[in-house]
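Data first, discussion second: the structure below is written as structure tokens.
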Amino acid sequence: MNRKYRKTVIAGNWKMNMLPSAVKPFMEELKGYLPKTRVCDVVLCAPAIMVPALIKAGKDCKIAAGAQDVSKYEKGAYTGEISASQLADAGAKYCIVGHSERRQYHGECDMLVNAKARALLEKGVAPIICVGESLEQREMDLTMEYVAYQVKAALSGIDASQLRRCIIAYEPIWAIGTGKTATAEQAQEVCEGIRAVIRRIYGARPARAVSILYGGSMNAKNAAELLAMPDIDGGLIGGASLKPADFAAIIAASNQE
Ligand code: PGA
């Protein structure tokens with residue numbers, strides 16, 4: 001983390017878990033565990049149907065609501081889709097785009113991820129843009145090349161003033177939901193590389209200001225070590241964000257100097 005230049009963000013990714021009726025009790029329990037002071041921004045990204053419940057329950061403890069996907073289309077005959085303006089109007093402040101599960105199970109390509117990020121920015125919703133390599137790519141030593149390509153593609157056509165509202169999440173696919181966390185050094189190396197890619201496109205100042213999160217089996221035990229790294233500005237947390245005590249412990253871990 002480097003709080004002098006950028007925000008620390010702890011984001012939960014509930015994926016397709018939880019029920020709308022479970023949001024209030026979850027938040028009540030979470031409040032009991034939250035540290036008294038907090039220097040990070042906290043967001044919970046849930047299926048869009050839960051955004052109103054999250055806003056209501058998270059208001060007094062300053063937890064923002066986020067979604068997990070958005071349509072690239074603005075409006076119209078796209079049955080089943082949810083637009084950026086609908087998310088914004090419902091009060092979502094963030095939205096994940098390009099999560100590896102969407103790339104894997106829904107065939108999302110880098111162009112689509114870029115279109116979704118731009119659609120969100122236009123409506124004032126902050127995209128959390130996910131990138132990350134597979135195990136095969138890591139073993140073939142292609143990690144940085146591949147991640148650099150994903151970052152460049154996702155940011156295509158996004159100008160420096162919009163970049164300020166983007167968050168990048170580095171999530172090695174082999175670490176997601178597997179209990180296998182990247183070591184702090186491995187995660188730092190790629191996050192530093194991502195910042196270097198952004199620096200080459202936008203220059204030093206914008207690159208310094210972008211928050212880059214790590215995701216992939218981050219939990220109450222390993223969070224402090226990961227967050228101590230200079231280019232890891234927070235976490236995108238799946239499994240552990242479903243457990244109030246664990247999620248609060250990760251928030252507390254971001255309080256370190
Ligand atoms: P995990 O998921 O923390 O359960 O590994 C992270 C993610 O997919 O965002």
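Model, not experiment: these values are computed from the prediction. Counting convention: from 1, in listed order, for ligands and their atoms alike.
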Worksheet, complete the sentence: By side chain to side chain donor-acceptor pair (under 3.5 Å), Y170 pairs with (sequence neighbours left out) E133, R138
Fill in: Electrostatic pair R102-D69, nearest N-O below 4.0 angstrom
yes
Worksheet item: Can you tell me how far CG of L142 sits from OH of Y149, rounded to the nearest 0.5 angstrom?
Response: 14.0 Å
Worksheet item: At what distance, to the nearest 0.5 angstrom, does SG of C95 lie from CD of Q68?
Response: 8.5 Å
Worksheet item: Would W14 and F26 satisfy ring pair (Phe, Tyr, Trp, His ring centres under 6.0 Å), going step by step from the backbone distance to the final call?
Response: CA-CA 12 Å; W14 278 356; F26 175 95; 4.9 Å; yes
Fill in: Neighbouring protein residues of ligand 1 - any heavy atom closer than 4.0 Å
N13, K15, H99, E171, A175, I176, G177, G216, S217, L236, I237, G238, G239
Worksheet item: Does a salt bridge link D110 with K152, judged by any charged N lying under 4.0 Å from a carboxylate O?
Response: no
